[in-house]
Every structure is written in structure tokens, then in C-alpha cells.
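Single-structure report; data block below.
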Amino acid sequence: MSHGPLAQVCRAAGWQFTVLDLTGVSDKAGFMARCVRALDLPEWFGRNWDALADSLGDPDWGPASPGRLLVVSGWRQYAKARPDEWEIAQEVLESASGHYQQFDAVLSVVLTLGGSDQLPADQPG
């Protein structure tokens, strides 16, 4: 899925724009590896839920004012393969998104559903 126009609009408004593509991820290790790359986390990052929460809550990582849009794509396979892990991941992202209000900035997290060309075979369209 191309995020070109959305990224352009965000950047024109002064927002940071980040895509966390989880396509092909089926376990926590893969999820954490993608987070390291996409979110520009340090290589020494602990690769566990607490470390992710700490990193996302760190003002040095966080969005500059006015904010950052984090678009999570390709997440369905991971959510289906590891529903308990996916629930924790969502909780960590949700918690981080509420954290930055005290810094006069916003972290918005969006889960993409895919484009019309990416509908599952059993869906109309």
C-alpha cells in the first residue's frame, strides 16, 4: 500500500510520518525487529514489551510538536497468528499515544485495512 499522499499531507503540516509494516511477521521477535527498523530504535533496545513501552514513551524518541502519525500496515497475519501478543502490542501503542499530550505533541497510531486491491479472496470488491 502506498502512503505517498498521506505522508505528503502529514509532512506539509509539520508532522512526522512513520510506517510500521508488519507484512510477514508472525511472532514477537519479528514484531520487535520491525519496530527497531521502522521506529529507529537503538540496536541495544531490549526487544520486549516493557522496553518498547519505555522507548515509545521517551521524549527523545517521541514526536516533535505538532506530532507523529504512525501507520501500522500488514498487521492481520500477526494478529491472527498471535492474538495475545497482538493485544499487548495494541496496548503498548495505545499507551504511548496518550503519553505525549503532556509534551504538547501528539502520537497518533492508525491500523490500515489495506487498499481495495488487497481484499481477501472471500470478500466482494
Side-chain angles (χ1 to χ4, degrees):
M1 179 177 180
S2 171
H3 298 287
L6 181 57
Q8 290 173 359
V9 168
C10 286
R11 291 184 182 121
W15 281 57
Q16 297 165 305
F17 182 85
T18 305
V19 175
L20 175 59
D21 184 359
L22 300 179
T23 302
V25 170
S26 60
D27 60 18
K28 181 180 171 185
F31 178 86
M32 294 294 173
R34 294 287 175 92
C35 285
V36 167
R37 285 195 309 265
L39 304 176
D40 199 25
L41 301 176
E43 282 300 318
W44 49 262
F45 162 72
R47 297 177 193 248
N48 61 61
W49 300 120
D50 289 336
L52 182 59
D54 289 346
S55 294
L56 295 180
D58 182 348
D60 289 335
W61 175 86
S65 185
R68 175 189 300 222
L69 178 63
L70 173 58
V71 176
V72 183
S73 63
W75 54 272
R76 288 180 184 207
Q77 177 183 347
Y78 179 53
K80 185 175 182 179
R82 304 287 179 122
D84 293 340
E85 290 178 11
W86 177 239
E87 185 174 336
I88 295 169
Q90 289 179 93
E91 290 170 4
V92 169
L93 294 171
E94 181 180 12
S95 176
S97 69
H99 177 75
Y100 288 97
Q101 293 171 352
Q102 64 182 320
F103 299 105
D104 201 26
V106 176
L107 171 64
S108 293
V109 180
V110 176
L111 304 179
T112 65
L113 298 177
S116 60
D117 61 332
Q118 298 174 327
L119 289 175
D122 63 340
Q123 297 294 312

- So, for Arg47 and Lys28, which heavy atoms are closest and what is the spacing to 0.1 Å? O-CE, 4.1 Å

- Message: Within the structure provided, determine whether Val106 and Trp15 are in side-chain contact (heavy-atom separation under 4.5 Å).
- Response: yes

- Message: In the structure I gave you, are the side-chain heavy atoms of Phe31 and Val36 within less than 4.5 Å of one another anywhere?
- Response: no

- Item | Joint hydrophobic cluster, Phe17 plus Val9, side-chain heavy atoms closer than 4.5 Å | no

- Message: What I'd like to find out is whether the side chain of Leu20 reaches to under 4.5 Å of the side chain of Ser73, using heavy atoms alone.
- Response: no

- Task: Would you mind reporting whether Val109 and Gln90 have side-chain heavy atoms less than 4.5 Å apart?
- Result: no

- Query: Quick one: CD on Glu94 to CG on Leu107, what's the gap to the nearest 0.5 Å?
  - Reply: 11.5 Å

- Message: I need the Met32 CE to Leu52 CG distance, nearest 0.5 Å.
- Response: 5.0 Å

- Message: Tell me every residue that passes side-chain contact (heavy atoms from CB on, under 4.5 Å) with Ile88, counting only those two or more places apart in sequence or in another chain.
- Response: Trp49, Val92

- Message: Taking the side chain as everything from C-beta on, heavy atoms only, tell me whether Gln77 gets closer than 4.5 Å to Ser26.
- Response: yes

For residues 54-71, dump all side-chain donor-acceptor pairs below 3.5 Å to protein atoms at least two apart in sequence or in another chain.
{"from": "Ser55", "atom 1": "OG", "to": "Ala51", "atom 2": "O", "distance (Å)": "3.0"}
{"from": "Asp58", "atom 1": "OD1", "to": "Asp60", "atom 2": "N", "distance (Å)": "2.8"}
{"from": "Trp61", "atom 1": "NE1", "to": "Leu39", "atom 2": "O", "distance (Å)": "2.7"}
{"from": "Ser65", "atom 1": "OG", "to": "Asp104", "atom 2": "O", "distance (Å)": "3.1"}
{"from": "Arg68", "atom 1": "NE", "to": "Gln16", "atom 2": "OE1", "distance (Å)": "3.4"}
{"from": "Arg68", "atom 1": "NH1", "to": "Thr18", "atom 2": "OG1", "distance (Å)": "3.4"}
{"from": "Arg68", "atom 1": "NH2", "to": "Trp61", "atom 2": "O", "distance (Å)": "3.2"}

